[in-house]
Amino acid sequence: MLLPKTASRKAALPHRSTAMEAHRSSLPVTPHVPPSAGTIPDGTTDGTGTYPWVNLGGAPVKLLDFEHAVGEILDRAEAMGAKPLGVCSANLDHIRHFGSHGRWNGTLNQPAAVEWLTLLDGAPLVSEAARVTGRPWPRLAGSDLVGPLLDEAERRGLRVGFLGGSPQAQALIRDRFAVERPGLRVSGWWAPERSVLANVDSSSLLAADIAASDVDILVVGLGKPRQELWIAEYGQLTGAKVLLAFGAVVDFLAGRIRRAPVWVSSHGLEWAWRLMLEPRRLARRYLVDGPGAYLTLRTSSNGAPAEPGPDPEPGGPSPAVSTAPEDGPSRAPGQFIPAGPVDVAVVVVTYNNADDVEALVASLRAEASGQSIRVVVADNSPDDQTMAELRRHPDVIAVRTGGNLGYAGGINAAMRVAGTADAYLILNPDLRVEPGAIALMRRRMAVSGAGMVVPVLLDDDGSVYPSLRREPGVLRALGDAAFGGRVRGRPEWLSEMDFDPESYLHAHRVDWATGAALLISSDTAGAVGEWDEQFFLYSEETDYCRRVRESGRSIWCEPLARMWHERGGSGTSPQLTALMSVNRLRYAGKYCGRGTLAAFTAVVLAAELVRLHQPGHRQAALAVVDRRRWDRLPRATRGEVSPLTGAAPPSGAVIIPAHNEEAVIARTLESLGGVISWGTVEVIVACNGCTDGTEGVAAGFPGVRVLHVDAASKAAALNAADQAAGRWPRLYLDADIEVTSEAVCAVLTALADGPLLAARPAFRYDTRGASALVKCYYRARVRVPSNAHGLWGAGAYALSEAGHDRLGVFPSLTGDDYFVDRLFSGVEKAVLPTVPVVVRTPRTRAALLAVLRRTYRGNAEQDGLEAEAPTSRTARELLSSVRGPLSAVDAVVYAAFAGAGRGRPLAGRNRAATWERDDSSR
């Protein structure tokens with residue numbers, strides 16, 4: 001409810017608080033210097049003459065003495081034209097909510113309409129600040145600061161308002177002020193119900209009502225974290241110059257809560273005093289949540305600057321939405337753009353969704369008026385009904401996957417033809433997008449620097465679907481197994497699902513969210529790579545979001561962006577119920593050690609056993625205990641990929657140098673059958689110095705051009721093919737590599753449309769038939785990140801025309817792919833998330849050593865490749881990949897092979913070298 005606004009006359013003399021005098025007696029006496037000056041005497045600073053910002057538990061805290069904190073706040077209350085200042089106190093409860101492991105981490109220290117000043121409060125934080133800075137700092141509790149601030153406000157004639165607390169508490173304060181502070185100008189009293197604060201429109205009206213009162217300082221006592229979140233979102237609408245997030249200060253001012261005795265506070269025991277007075281309200285905060293917050297404080301604090309990030313450039317472009325490029329194609333409002341760079345590429349995977357796609361497309365057209373959008377659909381359906389509906393929209397790019405690739409496989413298929421975009425929006429086909437939702441998600445991505453943004457999902461009845469999730473763990477799995485959707489108020493460590501309504505009201509970081517709607521930035525998509533198709537359905541978004549976080553990028557929820565979700569896309573069946581549990585185990589097996597996996601398996605099995613009476617859970621329990629049943633569960637089925645709908649196949653060339661490759665060239669050319677049928681790609685086999693039947697085999701493939709090169713030189717073959725080819729971009733492919741039409745399409749499209757100069761498809765090793773040591777080597781190799789980020793090692797890389805201009809001609813070097821990789825910076829080249837090309841590894845130890853000697857010799861031919869930095873980096877990455885005894889054995893085998901292969905070529909780099917060839921995999 002709202003109480004009537006009141007005002008009182010200005011008093012002639014201030015009322016001095018004993019709290020300020022107590023603090024003065026314990027602190028050095030220093031003259032007040034306005035914060036705008038930025039310096040005070042060195043005795044009260046970090047030694048540089050400035051107040052230090054420090055990171056305490058992941059929260060930025062500004063270290064001030066008592067008088068300068070009061071002075072800075074009051075100076076901002078009198079300043080004209082500055083953005084509002086939000087003031088909060090950092091204690092363990094603040095760390096729990098806003099620290100590095102808190103739900104609202106990063107919410108207050110991003111560019112926003114309210115500037116935040118976080119002050120030091122709570123005995124543990126005071127001790128930690130002293131530890132990281134090497135000097136003591138005073139505690140600045142809101143209950144201590146409010147008295148002096150009100151005294152000075154009364155003296156300076158500033159107008160004060162009070163938001164929060166009960167009407168009864170506010171009435172008590174008004175009675176006390178009439179006696180103790182008759183000159184304080186009170187603009188108004190507001191005691192809104194929680195439902196008002198949880199509603200955007202009601203909160204906006206409340207802020208407007210406060211603004212009409214012309215308040216200078218607004219005391220906000222809504223409880224943590226609600227008060228900080230409300231200030232962050234609505235503070236600029238209140239017109240207040242300073243907003244004090246001081247929690248229970250309303251009850252202190254009303255005299256309803258007694259302050260702890262001085263000896264209690266001085267010994268850091270005020271929490272125990274408050275717990276004694278309010279055990280039911282504060283027991284969980286201090287006894288359950290407090291220890292975890294204290295652990296975060298001790299493990300996530302440092303003295304490094306932690307000041308909130310800079311605001312956007314004044315007068316600069318809004319981070320909300322960028323428009324389509326000026327040189328982009330003209331379009332009518334609501335029209336999608338099939339080709340060229342766009343703001344957002346929407347990726348949709350369908351399976352029997354003929355009844356859903358019309359509503360989705362219509363809602364997306366409403367979003368295409370203020371931003372450029374491309375819509376790409378990958379259809380897994382067994383019939384043509386969904387594709388028939390999509391043909392009614394010629395500006396939608398639709399591709400039949402030729403099978404049922406699952407959700408992850410469908411996303412990968414769509415991403416290969418999605419082209420260049422600032423961001424990619426993954427959507428379920430049964431969604432409807434509310435107007436403005438995509439723009440709001442893009443704005444959040446720009447402001448927060450997030451790699452991914454998720455909206456709020458609504459069910460058909462308008463209720464919020466709990467789509468936000470926490471990282472899976474044994475205790476969370478145990479809590480979900482025991483309680484399911486009941487007891488929604490249980491601690492975070494006992495639930496993977498986030499049921500708290502507050503989480504769906506305010507923007508914040510999340511661990512992951514259901515994959516129905518995910519906006520992914522282009523650089524994140526490139527860094528994280530393709531979706532893991534082993535999951536088929538369920539857990540694929542858990543895995544992808546984890547990889548986003550491991551890449552150093554954050555995931556944010558934008559509650560103002562809303563989408564309606566029917567939640568019926570994948571259907572239900574006993575097999576799908578079993579697949580859900582199995583994929584949880586696949587996820588745990590991918591990231592956890594044996595002990596954790598065993599515990600996780602036991603919990604998942606227990607959850608299935610207690611639900612045996614429900615459909616599907618018997619099959620799930622059997623699958624948990626018998627891994628042989630996993631192969632009978634739904635998984636990807638593949639077939640021929642149909643031609644694209646709404647997009648022409650790309651143009652370019654595939655160049656294959658071949659020296660005595662009779663045994664493998666047919667296999668490679670057969671994999672290019674679909675590409676040859678397009679008629680837009682030249683396929684050239686440059687046979688160099690062949691003495692076998694390579695030329696005859698290649699010439700037997702229609703549409704393949706065969707060149708004869710006398711010299712047995714790969715460089716000569718590449719240069720000859722370049723002279724014969726007439727189309728760009730160009731994919732250079734080894735003669736023993738198998739590649740799909742989708743991979744060729746993705747590579748040629750990426751180099752034709754975007755700023756990239758060089759790229760290669762993803763690849764996978766085929767170790768079938770290889771010895772145990774060879775398999776150990778390649779298992780370790782795929783765990784070393786640097787081996788997966790270069791253009792080399794896949795037997796396939798591509799260049800745009802501009803990229804080839806930088807190359808000129810291929811030099812006579814053994815390692816042409818390594819040479820090409822060094823020509824381009826990280827932003828000029830990319831490893832694309834395609835269907836992996838197949839690289840058949842050597843089968844024997846001797847063959848692997850031969851290949852490694854050739855590789856290291858080729859590297860050594862180029863200046864600087866024997867430098868220590870790459871070797872030491874690989875060693876560090878190899879060590880970090882060890883997660884158990886088996887991976888440790890793999891790492892040792894990898895190091896042994898690398899040492900043996902590197903030793904001979906570097907020692908004899910000036911001797912004439914022979915071409916070490918792997919015949920074991922042919």
Side-chain angles (χ1 to χ4, degrees), residues 58 100-107 110 344-347 349 406-412 414-416 418 421-428 438 441-457 467-473 476 496-498 503 507-535 538-559 561 583-584 586-588 590-592 762 783 785-786 788-789 826-827 830-834 877 880-881:
S100 57
H101 301 300
R103 181 190 312 170
W104 312 108
N105 173 248
T107 303
Q110 59 175 321
V344 180
V346 178
V347 171
V349 180
Y407 196 59
I411 291 173
N412 290 337
M415 289 289 287
R416 290 168 202 135
D422 290 342
Y424 298 89
L425 178 60
I426 312 296
L427 291 181
N428 268 17
I438 297 178
M441 294 170 73
R442 294 179 59 212
R443 178 184 294 115
R444 177 59 57 190
M445 180 172 285
V447 170
S448 65
M452 179 187 292
V453 176
V454 301
V456 167
L457 300 182
S467 59
L468 305 181
R469 301 288 190 270
R470 305 181 182 99
E471 179 63 21
R476 285 172 177 160
E496 185 177 320
M497 298 181 68
D498 188 346
S503 297
H508 65 289
R509 283 193 177 107
V510 299
D511 286 349
W512 65 282
T514 56
L518 309 170
L519 182 70
I520 308 167
S521 69
S522 59
D523 68 307
T524 299
V528 175
E530 66 180 7
W531 289 58
D532 191 338
E533 297 183 20
Q534 71 167 313
F535 295 107
Y538 313 123
S539 296
E540 63 273 82
E541 69 266 60
T542 319
D543 172 78
Y544 192 87
C545 289
R546 176 169 182 147
R547 289 155 57 201
V548 169
R549 301 195 311 272
E550 288 181 344
S551 73
R553 295 164 173 85
S554 60
I555 304 170
W556 280 71
C557 171
E558 175 48 71
N583 277 357
R584 296 183 71 193
R586 284 187 172 122
Y587 179 83
K590 182 175 180 178
Y591 293 106
C592 301
R783 297 189 188 110
S786 58
H789 298 324
V827 297
V831 176
L832 302 177
T834 66
E877 293 178 348
S880 65
S881 73

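Model, not experiment: these values are computed from the prediction.
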Flag side-chain contact, heavy atom, 4.5 Å: [X] against [Y]:
{"X": "Cys557", "Y": "Leu468", "answer": "yes"}
{"X": "Cys545", "Y": "Asp511", "answer": "no"}
{"X": "Arg584", "Y": "Pro472", "answer": "no"}
{"X": "Met415", "Y": "Val347", "answer": "yes"}

Spell out, as yes or no, whether a donor-acceptor pair under 3.5 Å connects the side chain of Glu550 to the backbone of Val548.
-> no
Just by distance, do the side chain of Asn583 and the backbone of Ser539 share a donor-acceptor pair under 3.5 Å?
-> no
With sequence neighbours excluded, tell me which residues meet salt bridge (charged side-chain N to carboxylate O under 4.0 Å, His left out) with [X].
{"X": "Glu558", "value": "Arg444"}
{"X": "Arg103", "value": "Glu492, Asp500"}
{"X": "Arg469", "value": "none"}
{"X": "Arg509", "value": "none"}

Tell me the closest heavy-atom pair linking [X] and [Y], and the distance in Å.
{"X": "Val349", "Y": "Gly410", "result": "CG2-C, 3.5 Å"}
{"X": "Ala561", "Y": "Pro455", "result": "O-CB, 3.2 Å"}
{"X": "Ser503", "Y": "Trp104", "result": "CA-CH2, 3.7 Å"}
{"X": "Glu533", "Y": "Asn412", "result": "OE2-ND2, 2.9 Å"}
{"X": "Gly515", "Y": "Ile426", "result": "O-CG2, 4.3 Å"}
{"X": "Ala525", "Y": "Ile520", "result": "N-CG2, 3.9 Å"}

State the [atom1]-[atom2] distance between [X] and [Y], to the nearest 0.5 angstrom.
{"X": "Tyr587", "Y": "Glu471", "atom1": "OH", "atom2": "CD", "result": "3.5 Å"}
{"X": "Arg549", "Y": "Ile555", "atom1": "CZ", "atom2": "CD1", "result": "5.5 Å"}
{"X": "Leu425", "Y": "Arg442", "atom1": "CG", "atom2": "CZ", "result": "10.5 Å"}

Quick one: list whatever passes side chain to side chain contact (heavy atoms under 4.5 Å, CB included) with Ala450, sequence neighbours left out.
->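 So Ala450 forms a side chain to side chain contact (heavy atoms under 4.5 Å, CB included) with Ser448, Val453, Ser554, Trp556.
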For Trp512, check side-chain hydrogen bond (donor to acceptor under 3.5 Å, both in side chains) against everything at least two apart and list the hits.
-> none
Yes or no on side-chain contact (heavy atoms from CB on, under 4.5 Å) for Tyr424 and Thr524, after CA distance, side-chain angles and deciding distance?
-> CA-CA 10 Å; Tyr424 298 89; Thr524 299; over 6 Å; no
Mind jotting down which residue pairs meet the salt bridge (Lys or Arg N to Asp or Glu O under 4.0 Å) criterion with at least one end in residues 519-532? Sequence neighbours excluded, please.
->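 Sorted pair list: Arg416-Glu530, Asp523-Arg553, Asp532-Lys590.
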Name all residues meeting the ring-ring contact (aromatic ring centres under 6.0 Å, His included) criterion together with Trp531; count only those two or more places apart in sequence or in a different chain, and write none if there are none.
->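 Testing Trp531 for ring-ring contact (aromatic ring centres under 6.0 Å, His included), a comparison that skips the adjacent residues, returns Tyr544.
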